[in-house]
Amino acid sequence: MGNFLWNLVESDLASGKHKGVVTRFPPEPNGYLHIGHAKAIYINFGIAKEFGGRCHLRFDDTNPVKEEQEYIDSIQRDVRWLGYDWGQHLYYASDYFEQLYTWAEHLISTGKAYIDDQSADDIRNNRGTLTAPGKNSPFRDRSAEENLDLFRRMRKGEFPNGTRVLRAKIDMASGNINLRDPVIYRILHAHHPRTGDAWCIYPNYDFAHGQSDSIEHVTHSLCSLEFEDHKPLYEWLLANMPVPSFPKQTEFARLNITYTILSKRHLTQFVRDKHVRGWDDPRMPTIAGLRRRGVPPEALLDFVKRAGVSRANAVVEIAMFDAAVREYLNKSASRYMAVLRPLKVVIENYPEGAGEELEAVNNPEDPAAGSRKVPFSRELYIEQDDFMENPPKKFFRLSPGMEVRLRYAYFITCREAVKDAAGNVIELRCTYDPATKGGNAPDGRKVKATMHWVSAAHAVPAEVRLYNPLFLRPDPGADGDPVKDLNPDSLEIIEGKLEPALKDAKVGETVQFERLGYFCRDTDSGLIFNRTVGLRDAYAKAQ
RNA sequence: UGGGGAAUCGUCCAACGGUAGGACAGCGGACUCUGACUCCGCUAAUCUAGGUUCGAAUCCUAGUUCCCCAGCCA
């Protein structure tokens with residue numbers, strides 16, 4: 001596999017350190033999953049799959065004030081959509097609250113934890129700084145009996161929020177601030193989405209995570225780099241309590257992408273402040289947003305794989321994501337013709353009232369996809385971009401006197417550009433060569449351009465949503481608030497003209513609009529398409 | 001010397017003492033009923049300075065730069 005995590009698991013298995021591999025994906029249900037989580041999912045579920053082990057889905061639901069059932073549901077939906085299955089192994093940290101509580105009492109009884117009555121401010125002030133050691137709490141040497149009594153009364157709900165905490169007694173002078181008597185339980189009179197009002201004290205991340213891993217006999221606890229400093233605490237807790245197993249934490253760098261924000265805090269803000277239309281807005285880097293945009297799960301996973309796994313802080317170019325999406329869709333998406341910015345074309349020598357159906361290939365990359373009929377008639381729409389009255393030398397498309405091919409149809413020649421009073425071209429008068437039916441000239445003459453088109457009489461109107469990057473700069477938020485870097489033109493809504501077959505497109509189906517890009521039928525009612533990603537365009541780039 | 005990490009083409013990842021390779025991006029060309037796709041070619045990197053070695057991206061020493069940590073968040 002070529003990355004350090006796969007190598008680690010492989011060697012742990014080869015050395016006999018573990019008989020099988022058990023990983024876990026442990027999201028907090030406080031928001032929707034995004035593409036950064038897709039990396040963690042790929043790593044944890046991917047390793048389990050690769051080495052014949054299993055991966056648990058565990059909700060790290062230790063902070064009831066931020067967590068909601070909606071997020072629990074969306075997370076399961078998104079993991080499944082990515083193609084992974086946790087089988088029977090769906091867990092919640094809250095499942096272990098009773099066990100965790102018992103272990104906390106054990107820590108207290110062995111003199112390794114104490115109840116601190118200091119205020120949050122005092123705790124902070126006495127923690128010291130990055131360079132100066134902290135000071136012991138005046139409550140640090142309470143007896144085990146007193147601590148136990150206080151802890152039990154905390155559980156009973158005798159004290160209001162913030163009045164006391166349980167802290168592990170480790171070392172207030174440690175260079176690692178996480179070891180300066182970390183808080184492990186706090187009073188939170190809050191309703192929990194799963195345990196309801198059963199508890200008013202909750203363990204925090206540090207006191208829940210490693211023990212949960214241990215309970216589940218996780219062998220490899222894989223997390224992102226910012227938890228590196230927590231590892232000594234993770235191990236201290238396991239070493240000082242009667243836990244059933246000793247999982248090993250290993251960290252990897254999280255995913256960063258240019259022109260993208262992957263911070264739950266900011267994504268939540270964009271939704272809350274309506275900078276986007278919701279968690280599943282196609283401009284969002286959420287799994288739900290990407291799905292709605294038309295990104296196939298295979299492409300998303302392929303991107304994550306291509307971006308690689310290491311311990312170096314890195315920022316992957318969004319171009320790599322686009323490339324993965326195009327590569328997958330090129331092979332799988334059916335082709336159709338759609339005109340986004342219509343310009344009317346009248347074929348003067350095509351009989352009025354006449355019409356015919358022409359054969360069009362559904363997917364040149366996949367012969368099994370077959371073909372379909374596309375209606376042709378005297379009046380058509382072509383793309384405004386495909387005509388220039390005064391073309392520069394490298395412009396191969398339509399211009400007065402120029403002959404081009406209409407895909408699957410005929411060669412046409414532009415005879416005249418009709419303008420309105422303001423001088424805008426509003427219609428093209430053209431002629432066609434009946435001998436070129438199907439798109440080839442019997443005399444062997446060539447054209448330099450093949451253009452897409454739709455028959456005006458048969459065209460189906462549709463709303464097309466064009467998405468551009470949500471941010472104007474590759475490093476949004478680098479100067480502070482990413483809201484200031486939001487792209488005001490991230491969504492452009494136009495009305496396009498589609499070939500009739502497209503009205504039967506399935507919701508969620510991603511197709512190619514030839515020469516334009518990949519588009520996905522939206523979940524909103526009506527005929528609406530989201531642009532997933534544009535095609536590469538060497539001509540546009542050269543301009 | 002507060003603690004902990006990381007530095008390889010423009011970007012991301014490999015190479016684990018023995019020819020620095022791949023992907024994306026870029027450039028050039030071929031092909032083409034999508035200026036797409038495909039194919040071919042090119043450009044382009046070991047943070048710095050010493051040292052060990054027949055041989056160093058890899059080992060050692062000293063620096064430099066960047067990232068993380070001072071929530072009763074995760």
Side-chain angles (χ1 to χ4, degrees), chain A residues 2-3 7 26-28 30 60-63 65-66 116 118-120 123-125 127-134 161-167 173-180 182-188 201-202 204-206 208-209 223-232 251 253 255 258 264-265 303 305-324 326-327 330-331 335 337 360-361 364-365 394-397 405-409 411 438-440 446-452 474 512-517 534-542:
Chain A
N3 74 59
N7 295 344
E28 182 188 16
N30 65 344
D60 229 327
D61 55 349
T62 57
N63 186 1
V65 307
K66 287 188 173 179
D116 196 343
Q118 291 184 105
S119 68
I123 288 179
R124 186 182 329 111
N125 292 333
R127 188 155 24 227
T129 67
L130 294 180
T131 53
N161 288 359
T163 50
R164 281 174 235 267
V165 291
L166 180 68
R167 301 180 73 177
S174 173
N176 182 344
I177 291 175
N178 293 296
L179 262 21
R180 317 239 265 231
V183 170
I184 53 179
Y185 259 93
R186 73 281 213 202
I187 300 171
L188 240 33
I201 58 171
Y202 292 91
N204 69 353
Y205 165 84
D206 288 301
H209 204 96
C223 62
S224 44
L225 246 27
E226 67 267 29
F227 292 104
E228 250 174 326
D229 294 339
H230 292 248
K231 188 171 177 170
E251 313 83 13
L255 181 63
T258 57
K264 247 191 228 173
R265 180 181 132 236
F303 162 68
K305 204 174 302 183
R306 290 188 199 198
V309 181
S310 75
R311 288 175 65 85
N313 292 308
V315 185
V316 179
E317 289 176 346
I318 189 69
M320 200 185 286
F321 174 79
D322 292 343
R326 287 194 195 102
E327 184 176 306
N330 175 52
K331 295 193 194 86
R335 271 62 167 173
M337 291 198 287
V361 172
E365 302 286 324
K394 288 291 196 183
F395 186 83
F396 302 147
R397 284 108 94 149
R405 172 168 39 232
L406 292 180
R407 190 151 164 82
Y408 302 123
F411 284 13
N440 288 300
K446 302 287 184 193
V447 287
K448 295 187 99 169
T450 298
M451 296 168 17
H452 62 281
Q512 184 188 105
F513 289 179
E514 293 213 43
R515 300 208 306 138
L516 296 172
L535 255 24
R536 289 188 59 189
D537 188 345
Y539 175 73
K541 198 183 306 176

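Note: hydrogens, waters and symmetry copies are ignored here, and every other heavy atom, side chains too, is used. A note on names: the letters A, B, ... follow the listed sequences, proteins ahead of strands, and every chain is numbered from 1.
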Checking contacts here: which listed nucleotide ([options]) is nearest the side-chain heavy atoms of [X]?
X: A:Asn3; options: B:G35, B:A14, B:C67; value: B:A14
X: A:Asn313; options: B:C67, B:C12, B:C27; value: B:C67
X: A:Asn330; options: B:C37, B:A36, B:C24; value: B:C37
X: A:Ala319; options: B:A25, B:A23, B:G2; value: B:A25
X: A:Ala323; options: B:U34, B:C24, B:G5; value: B:C24

Distance from [X] atom [atom1] to [Y] atom [atom2], nearest 0.5 Å?
X: A:Arg124; Y: A:Thr129; atom1: CZ; atom2: OG1; result: 14.0 Å
X: A:Ser119; Y: A:Asn125; atom1: OG; atom2: CG; result: 7.5 Å
X: A:Ile184; Y: A:Arg167; atom1: CD1; atom2: CZ; result: 10.5 Å
X: A:Glu228; Y: A:Asn178; atom1: CD; atom2: CG; result: 11.5 Å
X: A:Lys264; Y: A:Asn30; atom1: NZ; atom2: CG; result: 3.5 Å

[atom1] atom, [N] versus [M]: distance in rounded Å?
N: B:A20; M: B:A57; atom1: P; answer: 8 Å
N: B:C16; M: B:G21; atom1: C1'; answer: 15 Å
N: B:U1; M: B:U61; atom1: C1'; answer: 16 Å

Nearest whole angstrom, please: distance from the [atom2] of [N] to the [atom1] of [X].
X: A:Lys541; N: B:G28; atom1: NZ; atom2: P; answer: 10 Å
X: A:Glu327; N: B:A23; atom1: CD; atom2: P; answer: 11 Å
X: A:Asp322; N: B:C37; atom1: CG; atom2: C1'; answer: 16 Å
X: A:Met320; N: B:G10; atom1: CE; atom2: P; answer: 14 Å
X: A:Leu225; N: B:A7; atom1: CG; atom2: P; answer: 10 Å
X: A:Phe513; N: B:C37; atom1: CZ; atom2: C1'; answer: 19 Å
X: A:Arg306; N: B:C13; atom1: CZ; atom2: C1'; answer: 13 Å
X: A:Arg326; N: B:A25; atom1: CZ; atom2: P; answer: 7 Å

Just call it for [X]: base, sugar-phosphate, or nothing, with non-hydrogen atoms closer than 4.0 Å on any strand.
X: A:Arg311; value: sugar-phosphate
X: A:Arg167; value: nothing
X: A:Val315; value: sugar-phosphate
X: A:Gln512; value: base
X: A:Pro232; value: nothing
X: A:Lys394; value: base
X: A:Val309; value: sugar-phosphate
X: A:Tyr202; value: nothing
X: A:Arg405; value: base
X: A:Glu228; value: sugar-phosphate

Is A:Arg536 side chain donor-acceptor paired with the B:G35 base, going by distance under 3.5 Å alone? no
Would you state whether a donor and an acceptor, one from the side chain of A:Glu317 and one from the base of B:G10, lie under 3.5 Å apart? yes
Between A:Tyr205 and A:Phe227, does the ring centroid distance fall short of 6.0 Å? yes
Strictly under 4.0 angstrom, non-hydrogen atoms only: write out the protein contact profile of nucleotides 69-74 of chain B, one letter per nucleotide from the 5' end, B, S or -. BBSBBB
Enter syn or anti for the glycosidic conformation of B:G71, syn applying to angles within 90° of 0. syn
Writing each nucleotide of RNA chain B 5' to 3' as (, ), [, ], | or . by Watson-Crick or G-U pairing under 3.5 Å yields .((((((..((((....[..)))).(((((.......)))))....(((((..]....))))))))))).....
Going through the distances and angles, do A:Arg306 and A:Glu327 end up as a side-chain contact (heavy atoms from CB on, under 4.5 Å)? CA-CA 12 Å; A:Arg306 290 188 199 198; A:Glu327 184 176 306; 2.9 Å; yes
May I ask you to check if A:Arg397 and A:Tyr539 form a cation-pi contact, with NZ or CZ under 6.0 angstrom from the six-membered ring centre and within 45° of the axis? yes
Between A:Thr450 and A:Ala307, the residue closer to the 5' end of RNA chain B by nearest nucleotide is A:Ala307
Indicate the atoms forming the closest heavy-atom contact of A:Asp116 with A:Gln118, along with that distance. OD2-NE2, 2.8 Å
